[in-house]
Amino acid sequence: NAGVTQTPKFQVLKTGQSMTLQCAQDMNHNSMYWYQQDPGMGLRLIYYSASEGTTDKGEVPNGYNVSRLNKREFSLRLESAAPSQTSVYFCASSIKVGWGSSGANVLTFGAGSRLTVL
Amino acid sequence: GENVEQHPSTLSVQEGDSAVIKCTYSDSASNYFPWYKQELGKRPQLIIDIRSNVGEKKDQRIAVTLNKTAKHFSLHITETQPEDSAVYFCAATQGGSEKLVFGKGMKLTVNP
């Protein structure tokens, strides 16, 4: 199993350009996430998808769009990149362990995509 | 929404010492509290977690405690080793949802 695969690993964009980060998981997980990581800021949730066809905003959704193409794939799109979006982006997927209120979603992260916007 | 505060932001210890990382959360409906370790240039990986119906959990040299009344939880690492050097993140679920809100991380350095 490859787990969670992100592409590309590195990307340099000019301000105003668009691009899509791809994410795929082969663990049959229902939920998928996109997180942004900046130094000293922890991991901030951009968007998440509880199942195919559903998406929900996280803490920092502005400037991004997502698409849950099918159960395996969850893409993140920057329509008009800005220097403030220079960051490392992590995709993750999760499976619920346990039942009811004692259940928990255990996240598995991809290797990350480092984006630089000039 | 949920707010997770983590402190200290950095900690340096000598090999063999213990390390404690503390986190507080704001949402009383949070029910799941994982801890992730991120080595330099790598992805975060789950090291231990605790659910709201448990007060303490231990796995070899690491343990996590949860105080629901005070809304804080802590990670304890005993007999630290240089390979424990990393950034550690605490997290909490946002209410009853599947969304995880992370703290800003703590950089642990274990000096040989």
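Convention: sequence-line order gives letters A, B, ...; per-chain numbering from 1.
Other residues, nucleotides and ligands contribute over 12 non-hydrogen atoms within 6.0 Å of the CD atom of Q17(A). Within a 6.0 Å sphere centred on CG of L118(A), heavy atoms belonging to other residues, nucleotides or ligands number more than 12. More than 12 heavy atoms of other shown residues, nucleotides or ligands fall within 6.0 angstrom of atom CD in E83(B). Heavy-atom contacts from other residues, nucleotides or ligands closer than 6.0 Å to CZ of R44(A) number more than 12. Within a 6.0 Å radius of NZ in K68(B), no more than 12 heavy atoms belonging to other residues, nucleotides or ligands are found.
The cluster map of Ile, Leu, Val, Met, Phe, Trp and Tyr, joined by side-chain heavy atoms under 4.5 Å apart, puts V54(B) and L66(B) in the same cluster. There is a path of hydrophobic side-chain contacts, each under 4.5 Å, that joins I50(B) to W35(B). Two different hydrophobic clusters hold F33(B) and V106(A) under the rule that ILVMFWY side chains link at heavy-atom gaps under 4.5 Å.
Between L107(A) and L46(B), every side-chain heavy-atom pair lies at or beyond the 4.5 Å cut-off.
One distance of note links OH of Y36(B) with CZ of F109(A); it measures 5.5 Å at 0.5 Å rounding. Atom-to-atom distance recorded for R43(B):CZ and Q37(A):CD is 13.0 Å, nearest 0.5 angstrom. Here the NZ-OG distance, from K99(B) to S31(A), works out to 11.5 Å after rounding to the nearest 0.5 Å. Rounded to the nearest 0.5 Å, atoms CD (E2(B)) and CG (L45(A)) are 12.5 Å apart. Rounded to the nearest 0.5 angstrom, L100(B) CG and Y48(A) OH are separated by 10.5 Å.
Only the backbone of V4(A) comes within contact range of chain B, with heavy atoms under 4.5 Å apart. Contact of L43(A) with chain B is made through backbone and side chain together, with heavy-atom distances under 4.5 Å. Neither the backbone nor the side chain of Q45(B) has a heavy atom closer than 4.5 Å to any heavy atom of chain A. Residue P34(B) does not touch chain A at all, counting heavy-atom pairs closer than 4.5 Å.
Here the closest heavy-atom approach between residue K42(B) and residue F90(A) is recorded as O-CZ, 4.1 Å.
If you tally non-hydrogen atom pairs under 4.5 Å between each of G112(A), A111(A), A92(A) and chain B, the highest count goes to A111(A).
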